[in-house]
Every structure is written in C-alpha cells, then in structure tokens.
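Presented below is the structure to which this report refers.
The chains referred to below are lettered A, B, ... by the order of the sequence lines, with proteins before strands, and numbering in each begins at 1.
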Amino acid sequence: MARTNAVNYTGVNQFPRADAATDLFKKEDVQVLALAVDNHDHSSGKGLPLPAGAIPNGTITSAMIADGTIVAADIQDGAITSAKILDGTIATADHADASVTNAKLGTDTARLNLLTNGGFEIWQRGNGPFTAHTAYTADRWFILLGSGGSALSVSRDAANIPSGGRYAAALTHTLGGSAALYMQNAEVGKAAFSRTYSFSIMVLAAAANAIRPWIANGASGKVYGAYHTGNNTFQTLTASSAISGGFPGPNLDMGVELAASGTFYVSNAMLVMGSVAADYAPLHPADDLARCLRYYEGHFGTGYPTILGVATAASQNIGYGVGFAAQKAVVPTITKVGTWVATNCGQPSAGSASGSGYQLYVASSGAGQVQSQPNSPSNGVTAESNP
Amino acid sequence: MSVRPVAFNPDGSIETVFDEMGHSGTIPAADIQWSLNTDGSPNHSFIILNCPDGCGASSTHPVGGGAAPAEVQQMFVEKTRRDGCACGACQANDTSALPESHVRLNVNRMDGPGRWVEASA
C-alpha cells in the first residue's frame with residue numbers, strides 16, 4: 001500500500017494517511033492531522049460538509065440564521081398561517097388586483113340595495129292596517145295569506161324600530177292551515193339568472209321559531225334562513241340563494257314566513273348580489289322615493305288635477321293629460337279616488353294610460369264651461385304598476 | 001292599490017277590494033265596462049271598475065294587469081269570452097281559445113313578452 005492524502009482536507013490541512021503497517025510513519029503526519037482537527041469546521045477543505053442528519057431536530061434557533069437570509073423558496077407552499085401575520089399589517093398592495101371575492105366581504109361593507117323601500121320608510125298607500133290577500137302595504141311590500149283561516153294585518157309602526165330608522169312594519173298574524181308570507185317581488189332583470197343573491201331583514205319577535213326569512217331559488221322553490229330566537233330584540237336574519245336554471249322571470253321574490261301566530265316587526269331589508277348578506281344601508285331619501293314612484297304614484301290635493309274646458313253641447317268628452325313624476329314599470333292601473341267636484345259634467349274617469357302618464361276625461365252635461373277637480377286632500381288619482 | 005278583482009263568480013260578477021279604503025263588494029258582470037276613448041268608442045285595452053262601496057272611486061285597469069296582473073288579466077279574458085271584444089275580434093259567448101289568445105296578444109302589445117301571468121281562466 002502507499003501513503004495517500006486525505007480527500008476532505010486541502011491545503012495545510014491535508015494530512016497524509018498511511019493505511020498499511022509497513023507504511024512509513026512520520027511525526028509530521030500527526031502534526032498535520034492535529035492542525036486539520038484544530039481547523040475542522042466542515043467548510044470546504046476542512047472536512048466533510050455537515051449533513052442534515054447530523055443536526056438534531058429543533059436545534060437551529062433564530063439566532064443561528066442571519067437576518068434577511070430566508071428567501072421565499074425556503075418556505076413551503078401554504079405553510080404560513082394567519083397566526084404568523086401580525087394583525088393590521090396586510091396592506092392594499094399585498095392583494096393581487098381583482099382578488100377580493102364577495103365571500104370575503106363583511107356584512108358591514110355597504111353595498112347597493114336591490115330592494116325598493118328596504119327601510120319600510122315609505123307608505124304611500126297609507127299607514128294601514130292592510131289585511132287582504134295580495135294587498136300592498138308599505139311601498140312594494142305585500143301580503144300573501146296562507147290557507148285555511150290565515151290572517152295578517154300590516155300597519156306602519158313608529159315605536160318598535162331598529163336604531164336609526166323611522167318606521168317598521170308591524171305584522172299581526174293568525175296562523176291558519178299554512179304560513180302567511182310578507183314579501184317583495186323585486187325587479188332584478190336578466191341579472192337574476194345564474195347569480196347568487198342574499199337577503200337580510202331586521203326582525204323583532206317575542207317567540208322563537210315563529211318568523212324566518214326566505215328567498216326564491218328559481219324554479220325549485222325557496223331557501224330559508226334561520227328563525228328569530230324570540231328574545232324580543234331586533235335580529236338581522238339572512239337567507240342566500242343561488243338562482244338555478246328555469247327561473248321564470250326577471251323578478252325575484254323574498255320576504256319573511258310567519259310560522260306562528262303573534263305580532264312581529266320587520267324593517268331594514270337588503271337584497272344584494274353575492275353570498276354574503278349586507279347590513280342595511282339606507283338610500284338617499286330622494287332615491288328611495290324615486291324607486292317607489294316607479295310603482296306607485298299619487299296625485300292628491302284640493303284642485304289638482306283639474307279638468308277644465310268648454311263644451312258646446314251635452315255628452316262631449318273633455319280630457320286632460322297628466323304626466324307621471326316617474327316612468328312606470330308597466331302600464332299602471334289608474335284609480336280616481338273619492339267623489340270630485342263636477343260642474344256641468346259627470347265624474348271623471350281615466351280613459352287610458354301609459355307608462356308615462358294618463359288621461360282623465362269627463363262628459364259634459366250641456367253647453368258651457370266644464371270643470372272637475374278633487375275638493376279634499378284625500379281625493380285625487382293613484383297610479384299603480386306592479387310588474 | 002285599486003278597486004281590484006280578487007275572486008270570480010260563475011255568473012260573471014267579481015268580488016273586489018279597495019285596500020286603501022278597506023272597501024269591498026261584488027260588481028255585477030254588466031258593470032264591468034271597457035273604458036271609452038275620447039270619441040266615445042270602447043277601448044279593449046282598459047276596463048273600468050267602480051268601487052261597489054259607492055265612495056266614488058273608480059279604477060281603470062290596463063289589459064297588462066297594472067296593479068294586479070293575474071286577476072286583471074283574468075278579468076279581461078272572462079269579459080272577452082262573455083261579451084266579445086270591443087274591437088270586434090271576438091264574439092260574445094266564445095268558448096274557444098280565441099278570447100284568451102286575443103287578450104294575451106294585447107298584454108304583449110302593452111307591456112311586452114313576459115307580462116302574461118294569467119293561467120286559471
């Protein structure tokens with residue numbers, strides 16, 4: 001055999017190695033070996049590199065890692081949890097553009113309300129009580145009675161209201177053979193198809209499992225939310241629905257189901273796109289009213305509208321065109337309310353209407369001036385358009 | 001709301017309600033009248049109902065349905081079957097599908113496709 005040099009040590013540390021009994025032994029060999037051992041640090045030329053298995057698990061501490069040396073590739077994908085991120089440190093720039101989805105929104109993120117009169121602030125038809133099946137109450141909110149003795153009386157209420165509002169709807173319900181509904185049929189247009197909507201409404205109930213929210217689910221029926229717990233405070237109840245195929249039209253139904261007799265109060269309803277319901281966000285009053293006028297408009301007041309003209313004989317029709325403040329959703333029903341003053345004519349009636357206005361006319365009783373108008377603030381004309 | 005039909009009787013009369021006033025009552029078939037154009041001719045697109053309570057209210061309902069689509073459209077179908085159409089397209093006591101088709105056509109003309117909801121007549 002022959003003397004060889006160590007392969008894992010170089011330079012002054014490379015000691016010779018004799019591996020046979022007959023090899024020449026030199027004291028310098030030991031001296032070089034001692035130097036190599038003294039310099040041994042696993043760096044290049046000073047011994048074997050340190051393998052991972054030579055380091056016991058859990059022994060490398062933060063102090064052993066130079067600051068600023070951990071790079072992204074050193075971190076396993078999906079390994080950093082929320083607990084590792086200091087609260088309040090994620091900045092807008094940390095989010096990729098268009099990456100925050102609806103499901104990540106909080107309920108207090110203000111969003112566009114698709115309902116009309118979601119706050120129950122507008123009662124153009126009066127304060128009630130309204131009791132008939134399919135009767136409208138607060139603007140756009142109507143009654144659907146259940147079967148067999150079901151009864152529901154709806155009135156405007158200013159006493160039992162959520163904070164910040166003026167009115168709620170008081171629902172006094174008698175359970176019949178099936179639950180009554182109090183609901184809105186919202187125009188949402190083509191957007192309804194294959195979209196997810198969330199409905200929320202504030203409800204006060206004194207009994208548990210008596211009232212719950214629901215939203216239509218296309219052709220397959222309704223999706224219900226949780227019942228009010230009956231603690232006699234306002235709770236925000238929610239229901240969400242992914243509209244399925246076969247949805248019959250551009251309107252979407254939602255409301256509350258009354259599953260027990262009692263008196264309930266509802267207000268502050270929201271309908272938003274997406275799977276997360278939204279806390280109530282009121283519209284500007286002008287916008288709130290403008291939406292309502294699309295469906296119902298009243299022209300009331302002493303002397304307005306006035307039909308005035310001159311006939312040359314009896315049975316001549318004298319008409320008067322009246323424009324709406326807001327274009328109607330569909331051609332409306334025109335109702336002349338009350339008995340009007342009528343001079344040299346009969347009572348007026350609406351001959352025709354369109355989405356933008358209507359025509360009132362009277363038939364003359366004889367030659368001469370013809371005039372008719374309401375003579376009290378409670379008389380006038382209403383236009384009602386329910387798509 | 002309006003003076004609106006809520007139920008239909010075999011003799012052609014209708015049960016009505018006027019929600020705002022809390023009025024209700026029966027309107028005989030003979031009192032379910034087309035509205036009149038200013039020249040005095042009947043208009044098959046509108047029907048006038050006077051409140052049976054006698055309060056003076058009268059509602060002019062469009063064939064599209066206006067305030068109460070299902071019930072008003074049914075009222076137009078039943079009147080057209082019974083009395084014929086004001087335009088002459090249907091004759092009185094026509095039990096064929098023609099009156100309903102004619103009313104449906106007028107609904108589509110007035111409010112567009114998708115407005116037709118009447119299905120019980």
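- Within the 4.5 angstrom heavy-atom criterion, atoms from both the backbone and the side chain of B/Leu36 approach chain A.
- B/Ser45 does not touch chain A: none of its heavy atoms, backbone or side chain, sits under 4.5 Å away.
- Taking both residues in full, the closest heavy atoms of B/Arg4 and A/His133 are given as NH2-O, 3.1 Å, listed atom of the first, atom of the second, then distance.
- Taken to the nearest 0.5 Å, the CD atom of B/Glu71 stands 5.0 Å off from the OG1 atom of A/Thr134.
- Separating the CG atom in A/Asn127 from the CD atom in B/Glu20 is a distance of 12.0 Å, to the nearest 0.5 Å.
- Contact annotation for B/Asn37: only backbone heavy atoms (N, CA, C, O) come within less than 4.5 Å of a heavy atom of chain A.
- Residue A/Phe142 does not touch chain B at all, counting heavy-atom pairs closer than 4.5 Å.
- Residues of residues 313-339 of chain A lying under 4.5 angstrom from chain B, judged on non-hydrogen atoms, are A/Asn317, A/Val330, A/Val331, A/Pro332, A/Thr333, A/Ile334, A/Thr335, A/Lys336, A/Val337, A/Gly338, A/Thr339 in numerical order.
- By number of non-hydrogen pairs under 4.5 angstrom with chain A, the leading residue of B/Ser24, B/Ser2, B/Pro62, B/Gly40 is B/Pro62.
- Chain B is approached within less than 4.5 Å, heavy atom to heavy atom, by A/Thr382, A/Glu384, A/Ser385, A/Asn386, A/Pro387 from residues 380-387 of chain A, ordered by number.
- Between B/Thr60 and A/Gly351 the shortest heavy-atom distance is CG2-O, 4.4 Å.
- Only the side chain of A/Tyr361 comes within contact range of chain B, with heavy atoms under 4.5 Å apart.
- Per-residue heavy-atom pair counts under 4.5 Å with chain A were compared for B/Gly22, B/Gly66, B/Cys55, B/Gly112, and the maximum is reached by B/Gly66.
- Contact count versus chain B (heavy atoms, under 4.5 Å) is highest, among A/Ala132, A/Ser349, A/Gly126, A/Ser352, for A/Ser352.
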